[in-house]
Amino acid sequence: MQSKRGRLDRYLAVKLQIHRKAVRELLLADRVYVDGAPAKALDLLVDEFSHIVFDGQVLQANKPVYLMLHKPVGVVSATKDTEHRTVIDLLDGDARHELHIAGRLDLNSSGLLLLTNDSRWSEALMSPDQKVDKVYRVTLSNPLNEEYIAAFAQGMYFGFEDITTQPAKLTILDTHIAEVTLREGKYHQIKRMFGRFRNPVVGLHRLSIGEITLDEGLKPGESRTLTAQEVASIGQR
C-alpha cells in the first residue's frame, strides 16, 4: 500500500476545491494550522495523520492504528472475500475497514498478523532494507533430519521465478516440528522449501515478526493494540 504523504498546497486545493494559487493567501493569513502550528510553506509535507485545521474547522484528524491479531486457520488474510471469513470480520468497530494487512498468511496458516492504517509503517515493515526476521513453527508429515538445516541455510533455487532464496535458519524442535526464520516471503516459500524433501507441511504458525511476538494471551481470532515499543521496533514515523 502506497504512502499518502504529499504537499500541503495540493491537499488544500483538493479538499477546499480552490486553485492552488489561492492556497498561498490562506497560509499568509494564518488560516491554516498543521499539528497545532500555523502553516507557512506551500510545500510542507503532510500525510494521513497530520492534524489539519482551516478557519477553526478540522479538515483531518486521523489517528494511526496498529493491531496484532491471532489469525485462525480457515480465515483469509484479506479485507474482502466472497467465499471465506476475513481477518477484518474478526475485528470490531467501523474503523476496521480502513485497515490493511502487513504481511499476509494463507488460508490454512495461523499466528501473528499485523494490521494498520499507516501505509508508511507497513512499507517499512515489508522493506527488504529492514531485514525483519519472521519466525514460524512448522509441523511436517514426515520426520526431520540434519540435511534440512544445511539446505535451508544455503538457500534454494526456484526455477519458476528464476530466484534463489536467501539463507534461512531451521531449528529442529521435535521429530516432525521445526522452527524456521526467514527474512523474505516468497509465494508459499516454506511449503515449497519443504517440498524439496517431499515432506508436506501440515501446520504453519507464525510466531513473530521482528521484535513483535504473538501475545500468548490472545486466543485465535482475538486482537490487541500494539504497544508504543512494538510500533517503534519496526520504524518510527
Worksheet item: Minimum heavy-atom separation for Ala102 to Ser122, with atom names?
Response: CB-CB, 3.9 Å

Item to complete: To the nearest 0.5 Å, tell me how far Arg183 CZ sits from Lys131 NZ.
Response: 6.5 Å

Worksheet item: For Lys169 and Thr171, which heavy atoms make the closest approach, and how far apart are they?
Response: CE-OG1, 3.7 Å

Worksheet item: With ILVMFWY side chains joined below 4.5 Å, transitively, what does Val14's cluster contain besides itself?
Response: none

Worksheet item: Rounded to the nearest 0.5 Å, what separation is found between the OH atom of Tyr148 and the CZ atom of Arg196?
Response: 13.0 Å

Response to the item:
Sorted by chain and residue number, the side chain to side chain contact (heavy atoms under 4.5 Å, CB included) partners of His51 (sequence neighbours excluded) come out as Asp35, Val53, Val58, Ala61

Item to complete: Mind listing the closest non-hydrogen atom pair of Ala151 and Met156 along with its distance?
Response: CB-CE, 3.9 Å

Practice prompt. From the options Val202, Leu173, Leu204, Asn199, select the one residue that forms a side-chain contact (heavy atoms from CB on, under 4.5 Å) with Val138.
Written response: Leu204

Fill in: Nearest-0.5 Å distance that lies between atom OG in Ser50 and atom CG in Leu59
12.0 Å

Worksheet item: Heavy atoms, side chains only, cut-off 4.5 Å: are Leu170 and Glu179 in contact?
Response: no

Practice prompt. Please test Glu211 against Glu230 for side chain to side chain contact (heavy atoms under 4.5 Å, CB included), starting from the C-alpha separation and ending with a verdict.
Written response: CA-CA 7 Å; Glu211 298 180 22; Glu230 288 169 334; over 6 Å; no

Discussion item. Is there a side-chain contact between Tyr66 and Ile212 in this structure, where contact means two heavy atoms from C-beta onward sitting under 4.5 Å apart?
Written reply: no

Worksheet item: How far apart are the closest heavy atoms of Pro72 and Ser110, and which atoms are they?
Response: C-CB, 4.4 Å

Worksheet item: Does Leu16 belong to the same Ile/Leu/Val/Met/Phe/Trp/Tyr cluster as Ile52, with side-chain heavy atoms less than 4.5 Å apart forming each link?
Response: yes

Worksheet entry | For Glu184, all residues meeting side chain to side chain contact (heavy atoms under 4.5 Å, CB included), sequence neighbours excluded | Thr165, Gln166, Lys186, Gln189

Discussion item. With side chain to side chain contact (heavy atoms under 4.5 Å, CB included) as the criterion, how do Lys15 and Gln60 come out once you've worked through the C-alpha distance, each side chain's angles and the decisive distance to 0.1 Å?
Written reply: CA-CA 10 Å; Lys15 186 71 174 181; Gln60 178 177 278; over 6 Å; no

Discussion item. Quick test of your reading: applying salt bridge (charged side-chain N to carboxylate O under 4.0 Å, His left out), list the pairs with at least one residue in residues 55-75, sequence neighbours left out, ordered by first then second residue.
Written reply: Arg31-Asp55

Discussion item. Is there a side-chain contact between Leu27 and Asp9 in this structure, where contact means two heavy atoms from C-beta onward sitting under 4.5 Å apart?
Written reply: no

Fill in: Thr116 side chain vs Asp118 backbone, donor-acceptor pair below 3.5 Å
yes

Practice prompt. Evaluate the side-chain proximity of Val73 to Ser109: yes if any heavy-atom separation is below 4.5 Å, no if none is.
Written response: no

Discussion item. Are the side chains of Lys80 and Thr86 in contact, using a 4.5 Å heavy-atom criterion?
Written reply: no

Worksheet entry | Ile18 CD1 to Arg20 CZ distance, which is reported to the nearest 0.5 Å | 11.0 Å

Worksheet item: Among pairs that include at least one residue of residues 103-117, which meet salt bridge (charged side-chain N to carboxylate O under 4.0 Å, His left out), considering only residues two or more places apart or in two chains?
Response: Asp106-Lys191

Discussion item. Looking at Glu161, I want to see if its CD is surrounded by more than 12 non-hydrogen atoms of other residues, nucleotides or ligands under 6.0 Å.
Written reply: yes

Worksheet item: When hydrophobic residues are tied together by side-chain contacts of less than 4.5 Å, even through go-betweens, does Val132 share a cluster with Val180?
Response: no

Fill in: Donor-acceptor contact present, side-chain Trp121 to main-chain Ile234, <3.5 Å
no

Item to complete: For the pair Phe197 and Leu140, evaluate side chain to side chain contact (heavy atoms under 4.5 Å, CB included) and give the outcome as yes or no after the intermediate values.
Response: CA-CA 11 Å; Phe197 293 88; Leu140 288 309; over 6 Å; no

Fill in: Verdict with supporting geometry, Val75 and Asp89, side chain to side chain contact (heavy atoms under 4.5 Å, CB included)
CA-CA 9 Å; Val75 176; Asp89 295 329; over 6 Å; no

Fill in: Among Leu214, Leu67, Ile101, Leu90, the one residue meeting side-chain contact (heavy atoms from CB on, under 4.5 Å) with Leu113
Ile101

Worksheet item: Side chains of Leu226 and Leu114: closer than 4.5 Å at any heavy-atom pair?
Response: yes

Response to the item:
Exactly one candidate in His100, Glu48, Arg5 meets side-chain hydrogen bond (donor to acceptor under 3.5 Å, both in side chains) with Ser119; the answer is Glu48

Worksheet, complete the sentence: NZ (Lys40) and CG (Leu8) are apart, to the nearest 0.5 Å, by 12.5 Å

Practice prompt. Enter the distance from Phe194:CZ to His188:NE2 here, rounded to the nearest 0.5 Å.
Written response: 15.5 Å

Discussion item. Would the distance check show the side chain of Arg206 and the main-chain N or O of Leu112 forming a donor-acceptor pair, the cut-off being under 3.5 Å?
Written reply: yes

Discussion item. Apply the hydrophobic cluster definition, ILVMFWY joined by side-chain contacts under 4.5 Å directly or through others, and give me every member besides Val135.
Written reply: Leu207

Discussion item. Keeping Asp81 on the side-chain end and His84 on the backbone end, is there a donor-acceptor pair under 3.5 Å?
Written reply: yes

Discussion item. Membership question, hydrophobic clusters at under 4.5 Å side-chain separation (ILVMFWY): are Leu105 and Leu125 in the same one?
Written reply: no

